[in-house]
Amino acid sequence: MSPANQDLWVSERFKDAVETRWRVKETLYHAQSEFQTVDIVDTEFWGRMLLLDGLVMTTEKDEHTYHEMITHTPMLAHPNPKQVLVIGGGDGGTIREVLKHPSVERAVLCEIDQLVIDSSREFLPSIAGALDDPRVDIQVRDGAAYIAQHANTFDVILIDSTDPIGPGARLFNHEFYTNVKNALSEQGVMAAQTESPISQPSEVREINTLLNGVFPVVKTYTNMIPTYPGNQWTWTFCSKQQGPFDLVDAKRVEAIEKTCRVFNRHVHRAIFALPNYIQEMIAPHSFLYAKQSEPLSV
Ligand code: SPD
């Protein structure tokens, strides 16, 4: 992040090739935690913005897309999600969306960095406010260690991580996702943020290969996050048995869409319609077969 106080701009540099800048009205918070730098700035266009190690995590204006996408598809794929785990996500936005589902009895937030939780509570109340709900159990711990100790516990697990660098790197490997699978109940499902097909195509491909090596069902979906590098983002749904729509209850979808800014029954389906270049990126062998064999329906 550039020194926002001096020139009133904050920027994120990507691969030393692209730099995106946003005008800052005010720097609200800056700290160095044990794990990363934590900044919250008030920007002219996107409202308040949380950055970790200089990378944009969320903004008041576009956070809804990210948090609704990572949450509602997996939550609706489970017939009765009661026990939910969010790994990362210390800003609280994913927990806020999880708690919209009335079946939830306990939502565990496992975030490694107390400062992310504290600063979000203070400066991002519209995102972090749900952390005070009595159903929320906050564990300030390493998510990789936590998941290894909780076999067969959760109906839904959401991996709301940073990028696969810094503290988030330990959440992108075979052992971690094997432990996630083991931590799921029988009909359990999980979703993870899985990077940008525009700016990080090799990461998208590698994570997809990793997930396919662990879960029987792996489905990638996309939407736009304008403040992330590449703008187009992916999340990946995984389960041991059901697909994202196999057990969906239309009444639950109807109730959830009323509470959302982005998610609705049509978006729910449309996000799984992958452009050819993403299909090719994540399934180069099946892509050609699918193109030739699936009937056209318009
Ligand atoms: N490049 C940014 C990826 C950040 C993903 N996590 C965002 C956390 C929002 N709750």
Side-chain angles (χ1 to χ4, degrees), residues 1 10-15 17-20 22 35-40 46-72 74 84-99 107-113 115-121 123-131 136 138 143 157-172 190-204 207 220-236 261-263:
M1 193 178 75
V10 67
S11 67
E12 178 172 335
R13 185 174 287 196
F14 180 72
K15 291 190 177 166
V18 177
E19 187 164 332
T20 310
W22 302 272
F35 305 101
Q36 57 208 341
T37 57
V38 181
D39 288 276
I40 300 180
W46 292 105
R48 293 183 177 189
M49 174 184 274
L50 167 69
L51 303 101
L52 299 179
D53 278 342
L55 304 178
V56 177
M57 291 296 123
T58 200
T59 78
E60 285 178 321
K61 203 162 156 183
D62 74 350
E63 58 98 359
H64 295 90
T65 307
Y66 180 94
H67 293 123
E68 290 174 18
M69 289 301 111
I70 197 170
T71 306
H72 298 309
V84 179
L85 169 65
V86 176
I87 293 187
D91 54 70
T94 300
I95 286 284
R96 181 195 64 205
E97 297 303 313
V98 165
L99 295 178
V108 178
L109 176 78
C110 186
E111 161 65 54
I112 199 167
D113 196 338
L115 286 194
V116 175
I117 298 171
D118 293 346
S119 58
S120 299
R121 273 189 153 132
F123 296 106
L124 300 170
S126 64
I127 302 176
L131 294 177
V136 178
I138 298 180
I157 298 176
L158 306 175
I159 315 298
D160 185 5
S161 67
T162 52
D163 302 291
I165 46 175
R170 69 190 89 193
L171 305 182
F172 290 88
M190 83 115 209
Q193 77 83 5
T194 47
E195 303 290 303
S196 168
I198 304 274
S199 58
Q200 294 127 304
S202 50
E203 283 91 336
V204 169
I207 298 167
T220 296
Y221 54 103
T222 73
N223 211 319
M224 304 305 289
I225 309 290
T227 52
Y228 286 177
N231 300 160
Q232 187 170 24
W233 209 254
T234 70
W235 299 261
T236 304
R261 209 173 272 191
V262 177
F263 181 89

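Since we're looking at a predicted model, the values are computed, not measured. When a ligand or atom number is given, it counts from 1 through the structure's own listing order.
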Query raised in the report: Which residue supplies the protein heavy atom nearest to atom 3 (C) of ligand 1, what is that atom called, and how far is it?
Result: Asp163 OD1, 3.4 Å

Query - Residue among Thr222, Thr94, Thr234, Asn223 satisfying side-chain contact (heavy atoms from CB on, under 4.5 Å) with Met69 - result: Asn223

Query raised in the report: Say you draw a straight line from CD1 of Ile95 to CD1 of Ile127; how long is it, rounded to the nearest 0.5 Å?
Result: 14.0 Å

**Report entry** ligand 1 contact by Ser161, heavy-atom criterion under 4.0 angstrom
**Finding:** yes

Query raised in the report: Does ligand 1 have any atom that is closer than 4.0 Å to a heavy atom of Val56?
Result: yes

Query raised in the report: To the nearest 0.1 Å, how far is atom 7 (C) of ligand 1 from its closest protein heavy atom, and which atom is that?
Result: Tyr228 OH, 3.2 Å

Query raised in the report: Mind checking whether Thr58 and Tyr66 have side chains closer than 4.5 Å, heavy atoms only?
Result: no

Query raised in the report: With a 4.5 Å heavy-atom cut-off, do Leu109 and Leu131 have their side chains touching?
Result: yes

Report summary line: The atoms of ligand 1 lying under 4.0 Å from a heavy atom of His67, numbered in the order shown, are 9 (C), 10 (N)

Report summary line: At under 4.0 Å between heavy atoms, what of Ser196 touches ligand 1? The answer is neither

Query raised in the report: Among Asp91, Ile95, Ile127, Ile159, which residue places a heavy atom closest to atom 9 (C) of ligand 1?
Result: Asp91

Report task. Quick one: look up the protein heavy atom nearest atom 8 (C) of ligand 1 and list residue, atom name and how far away it is. Result -> Asp160 OD1, 3.1 Å

**Report entry** Pair Thr227-Thr59, side-chain donor/acceptor within less than 3.5 Å
**Finding:** no

Report summary line: Taken in chain and number order and not counting sequence neighbours, the residues that satisfy side-chain contact (heavy atoms from CB on, under 4.5 Å) with Pro226 are Trp46, Asp62

Report task. Say whether Glu12, considering both its backbone and side-chain N or O atoms, lies within less than 3.5 Å of an N or O atom on ligand 1. Result -> no

**Report entry** Nearest heavy atoms of Leu85 and Cys110, plus distance in Å
**Finding:** CD1-CB, 4.0 Å

Query raised in the report: Quick one: does Glu63 get within less than 4.0 Å of ligand 1, heavy atoms only?
Result: no

Report task. Would you tell me whether His64 and Glu68 have side-chain atoms, one donor and one acceptor, within less than 3.5 Å of each other? Result -> no

Query - Side chain, backbone, both or neither: Trp233 near ligand 1, heavy atoms under 4.0 Å - result: side chain

